[in-house]
S.K.: 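Please see the structure below; I have some questions.
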There are 2 protein chains.
Amino acid sequence: MNTEKIITIYDIAERLKLAPSTISRGLQDNPAVNPKTRKKIFDTANEMGYRFNTFARNLRNQKTNTIGVIVPRLNSLFISAILAGIEKELNSANYNMLISQSLELEENEIKYAKTMLHNRVDGLIVNLAANTSSLDHFAEYIRHRIPLLFVDRVIENDDFNTVVINNTKAGYEVTSHLIAQGCTKIAHLTGSLMRNVYQDRKAGYQSALAEHGIPYDESLVFETDLTEESSIRAAREIIKMKTRPDALFVANDLSAVICMKVFKDAGLTIPGDIAIAGFNNDVISRISEPMLTTVNYPGEEMGKIAARHLVTQIKGEADAALANTVILKSQLVVRASTLKNKTDDQ
Amino acid sequence: MNTEKIITIYDIAERLKLAPSTISRGLQDNPAVNPKTRKKIFDTANEMGYRFNTFARNLRNQKTNTIGVIVPRLNSLFISAILAGIEKELNSANYNMLISQSLELEENEIKYAKTMLHNRVDGLIVNLAANTSSLDHFAEYIRHRIPLLFVDRVIENDDFNTVVINNTKAGYEVTSHLIAQGCTKIAHLTGSLMRNVYQDRKAGYQSALAEHGIPYDESLVFETDLTEESSIRAAREIIKMKTRPDALFVANDLSAVICMKVFKDAGLTIPGDIAIAGFNNDVISRISEPMLTTVNYPGEEMGKIAARHLVTQIKGEADAALANTVILKSQLVVRASTLKNKTDDQ
DNA sequence: TAATAAAATGCAATCCGTTGCATTATTAAA
DNA sequence: TTTAATAATGCAACGGATTGCATTTTATTA
């Protein structure tokens, strides 16, 4: 058994005294080839250690069966959920997944978009980096009619397919709920306002305030990168305020729970002194004490739908010219961290 | 600007009245081509919307600059950390990353191993599925001399490169620490014992018990799949035991914190009634109340080292025949969840 | 057995970029 | 201006699988 030589269909053909085309057909279960021949082909292929060359095939077929995915980070539960969803769906549709993380930087996103283009991905799914300000780096995809889809973090633009939730509505619901609990001074800790997810949640927050006649106070909004450190810093700032807010709406669960811990360590009670609501419904929201009010955000489902959508487009079953927005449902999940009155909010 | 036609170097060559080889060289910054010509080539390529075809290149070069990665799950903080590390490293070495999740099933792992082989990955990094019992599906990699490396979850076998931590030692340290805190009846909640990570931690647990003359009691060991549900179930079983354990060593932080919550909800105090230790040093261990004693497990670092190692091998700078084991350091992180005496354990 | 239909196999071009070697154009030295 | 040396470009084969069409083999029918 030679470990060095790479076996091709030509080698098999030679061994069996057949034409390469017959080998190719045989390996593809083409009915035009005699079952006995086919069996011999497979046996010989195995014996010789043949593995087919996807490149040669792709080159010929002008298809790669590979989808590119660009996300800001890999080590986030929410992103992981999206990826898991994409992977499951792609797998059952027989596509591979090429992944890159932009580390929240537009420059990386640009670079990866190009790499994926050269790798001839059949489609691309993107979750934008925090500081991405233009979509120029995706222009080539449009130009080459390569299906492109944004999940979760998108840019308002009718030309692109997107899968999102209604962040404005969700932000509005969280804030309204806090107000219903009697909170009047509600702080908001959020991520980069360049991104719709944070921008919209904030918009919902503002509209709920407005609707209830609570003036919007810029100094109550903390725009951060939502890392562990900045969450702690923000929480400390809140503690130090002269008139402390009676509620905090945080744009993700992890940050919310981190703030909660800082508050508790400072002797504040939750929700007595300050109510806290998060976003995502990560496991962590069920483990914190008190349990965290949050928004159930169907990450895995978003991933699945995004992938399914993209595959449909690739297969040409959907009109590529028709940009589509899929808005998934999210639900407010009320838990102890915001229940000021004993009577259940429901 | 034609959006349909796919531009090749031949099209550029024709337009510029040059040979395709010159175009190819020009695009590769080959010094043999006149700077002025090169400029013209780049300009024309841009103008015509040319993007090079990685397949044709790969086909020719017999290299893909792509690394395959097979993990059991994507939606786990620990796995994500490993992936993030791999990605960072591969990126700076200019490799792409093709990812699949086995969903903890050997059959998927087998299938993906084959797909990656056909995709001609230049190397493969694997974190084994829970129920993988044989490594036969990786035989082809050995046969074709494709660098293969196992991270974290490995199988004892001198033929493979691995990057791990010393789980036995870590398990031993956790257990010894619990014993030092005065615990005498220590339960252990773990994952599939087919996997070294869990097997070894348990071995460490057992040897610590033995060393301190505590008899090993099978009924105190819970082998589960470590999901949220089974963790809750195990915690409830523990509560119901006639003589309740005074400590619980869980094989990962998330499960540990889930158990902690079940215990607290049942009115038990931590660590008073039962001390708890986890594994991984996830963020969650810092947020739980009390904070969780755990083992700092350098996931991202493992990923980086694994990737670096693999790339070195691919480039032929390492002797492929020499299987290597890299053992990273892990540290016991003592926190309140196991500190029975006020005096700091250190 | 010859003629016809059907099944199986073969031929050759194609996908597109790369590279060793040959050839032509340009510059420097004589 | 001629020759030698160098720079720039071109030629053509290669990598491996695919597929429309042609050809050969086998089975069917008259």
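Each chain gets a letter, A, B and so on, in the order its sequence line appears, and its residues count up from 1.
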S.K.: Would you say B:Q28 places a side-chain N or O within less than 4.0 Å of OP1 or OP2 belonging to C:dG17?
M.R.: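 The answer is no; no side-chain N or O of B:Q28 sits under 4.0 Å from OP1 or OP2.
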S.K.: Using only atom types and a distance under 3.5 Å, with no angle test, would you say the side chain of A:D11 pairs donor to acceptor with the backbone of A:T8?
M.R.: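 At least one qualifying donor-acceptor pair exists.
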S.K.: Round to the nearest Å and state the distance from A:F55 atom CZ to D:dG16 atom P.
M.R.: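 A:F55 atom CZ is separated from D:dG16 atom P by 12 Å.
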S.K.: May I ask you to check whether over 12 heavy atoms, not counting those of A:K114, lie within 6.0 Å of atom NZ?
M.R.: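 No - once you tally the heavy atoms of other residues, nucleotides and ligands closer than 6.0 Å, there are 12 at most.
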S.K.: Do B:Y112 and A:N91 meet the criterion of a side-chain donor-acceptor pair at a distance under 3.5 Å?
M.R.: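 Looking only at side-chain atoms, A:N91 and B:Y112 do form a donor-acceptor pair, the distance falling under 3.5 Å.
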S.K.: Can you identify which nucleotide, out of C:dA8, C:dG10, D:dG16, has its nearest atom closest to the B:L59 side chain?
M.R.: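 Among C:dA8, C:dG10, D:dG16, the one nearest the side chain of B:L59 is D:dG16.
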S.K.: Does B:R25 contact D:dG10 through a side-chain donor or acceptor facing the base, at a distance under 3.5 Å?
M.R.: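 Answer yes: a donor N or O sits under 3.5 Å from an acceptor.
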S.K.: Between A:D29 (CG) and D:dT19 (P), how many Å, whole number?
M.R.: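 In whole Å, D:dT19 P lies 14 Å from A:D29 CG.
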S.K.: Among the candidates D:dA8, C:dG10, C:dA8, find the nucleotide nearest to the side-chain atoms of A:T37.
M.R.: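 Looking only at side-chain atoms, A:T37 lies closest to C:dA8.
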S.K.: Out of D:dA17, D:dC11, C:dC16, which nucleotide sits closest to the side chain of A:N53?
M.R.: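 My answer, after comparing the listed nucleotides, is D:dA17.
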S.K.: Output yes when at least one side-chain N/O atom of B:Y50 is less than 4.0 Å from OP1 or OP2 of C:dG17, else no.
M.R.: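 It does, given that an N or O in the side chain of B:Y50 lies less than 4.0 Å from OP1 or OP2 of C:dG17.
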S.K.: Measure from CG on A:N30 to C1' on D:dA17 and round the result to the nearest Å.
M.R.: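 Going from A:N30 (CG) to D:dA17 (C1'), I get 14 Å.
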S.K.: Categorize B:K36 for me: base, sugar-phosphate, or nothing, with a 4.0 angstrom heavy-atom threshold over every strand shown.
M.R.: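 Nothing, no heavy atom under 4.0 Å.
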S.K.: If you look at every strand shown and take non-hydrogen atoms under 4.0 Å, does B:L27 touch a base, only sugar-phosphate, or nothing?
M.R.: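 The answer is nothing, as B:L27 stays clear of every strand by at least 4.0 Å.
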S.K.: Counting side-chain heavy atoms from CB outward, which of D:dT18, D:dG15, C:dC11 is closest to A:R57?
M.R.: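 Output: D:dT18.
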S.K.: Which of these nucleotides, C:dA8, D:dT9, D:dA13, is closest to any side-chain atom of A:P35?
M.R.: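 Closest nucleotide to the A:P35 side chain: C:dA8.
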S.K.: With a cut-off of less than 4.0 Å, is there a side-chain N or O of A:Q62 near OP1 or OP2 of C:dT14?
M.R.: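 Negative; the distance criterion is not met.
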S.K.: Is any NZ, NE, NH1 or NH2 atom of the basic residue among B:R153 and B:E104 found under 4.0 Å from an Asp or Glu carboxylate oxygen of the other?
M.R.: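 A salt bridge is present here (some side-chain N lies under 4.0 Å from a carboxylate O).
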S.K.: How would you label the contact of A:I23 with the nucleic acid (heavy atoms, under 4.0 Å): base, sugar-phosphate, or nothing?
M.R.: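 No contact.
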S.K.: Between C:dG17 atom P and B:I7 atom CD1, what is the distance in whole Å?
M.R.: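 Rounded to whole Å, this separation is 10 Å.
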S.K.: At less than 4.0 Å, is any side-chain N or O atom of B:S21 found next to OP1 or OP2 of C:dT18? Yes or no.
M.R.: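 Checking C:dT18 against B:S21, no side-chain N or O comes under 4.0 Å of OP1 or OP2.
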S.K.: Answer with base, sugar-phosphate or nothing: what part of the nucleic acid does A:K17 contact at a heavy-atom distance below 4.0 Å?
M.R.: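 If one applies the 4.0 Å heavy-atom cut-off, A:K17 turns out to touch the sugar-phosphate alone, with no base involved.
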S.K.: Whole Å only: how far is the NE2 atom of A:H118 from the C1' atom of C:dC16?
M.R.: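 Nearest whole value for this atom pair: 14 Å.
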S.K.: Nearest-Å distance, CG (B:N58) to C1' (D:dA17)?
M.R.: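 For the pair B:N58 CG and D:dA17 C1', the rounded distance is 15 Å.
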S.K.: Rounding to an integer number of Å, can you tell me how far A:R120 CZ sits from C:dC16 C1'?
M.R.: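 These atoms are roughly 9 Å apart.
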S.K.: A:N61 near the nucleic acid: base, sugar-phosphate alone, or nothing, with a heavy-atom cut-off under 4.0 Å?
M.R.: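 Result for A:N61 = sugar-phosphate.
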S.K.: If you look at every strand shown and take non-hydrogen atoms under 4.0 Å, does A:Y10 touch a base, only sugar-phosphate, or nothing?
M.R.: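 Base contact - A:Y10 has a heavy atom under 4.0 Å of at least one base atom.
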S.K.: Between B:S102 (side chain) and B:N108 (backbone), is there a donor-acceptor pair under 3.5 Å?
M.R.: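 Side chain of B:S102 to backbone of B:N108, a donor-acceptor pair under 3.5 Å: no, none is there.
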S.K.: When you measure from the side chain of B:R25 to the backbone N and O of B:N30, does any donor-acceptor pair fall under 3.5 Å?
M.R.: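 Judged by distance alone, no pair lies under 3.5 Å.
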S.K.: When you get a sec, tell me which of D:dG16, C:dG17, C:dC21 is the closest nucleotide to the side chain of B:F52?
M.R.: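 Looking only at heavy atoms from C-beta outward on B:F52, the closest nucleotide is C:dG17.
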S.K.: Distance only, no hydrogens: is a donor on one side chain within 3.5 Å (strictly under) of an acceptor on the other, for A:T64 and A:D122?
M.R.: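 Checked: A:T64/A:D122 side chains pair up, N/O donor to acceptor below 3.5 Å.
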S.K.: Could you tell me how far apart B:I12 (CD1) and C:dC16 (C1') are, to the nearest whole angstrom?
M.R.: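 Taking atom C1' of C:dC16 as the reference, CD1 of B:I12 is at 12 Å.
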S.K.: Reading DNA chain D from 5' onward, which residue's closest nucleotide shows up sooner: A:P20 or B:A19?
M.R.: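 By nearest-heavy-atom nucleotide position, the 5'-most residue is B:A19.
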S.K.: Quick check for you: among D:dG10, D:dT9, C:dT18, whose closest atom lies nearest to any side-chain atom of B:R60?
M.R.: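 Selected nucleotide: C:dT18.
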S.K.: So if I take every side-chain heavy atom of A:S24 and compare against D:dT9, C:dT18, D:dT18, which nucleotide ends up nearest?
M.R.: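 Looking only at side-chain atoms, A:S24 lies closest to D:dT18.
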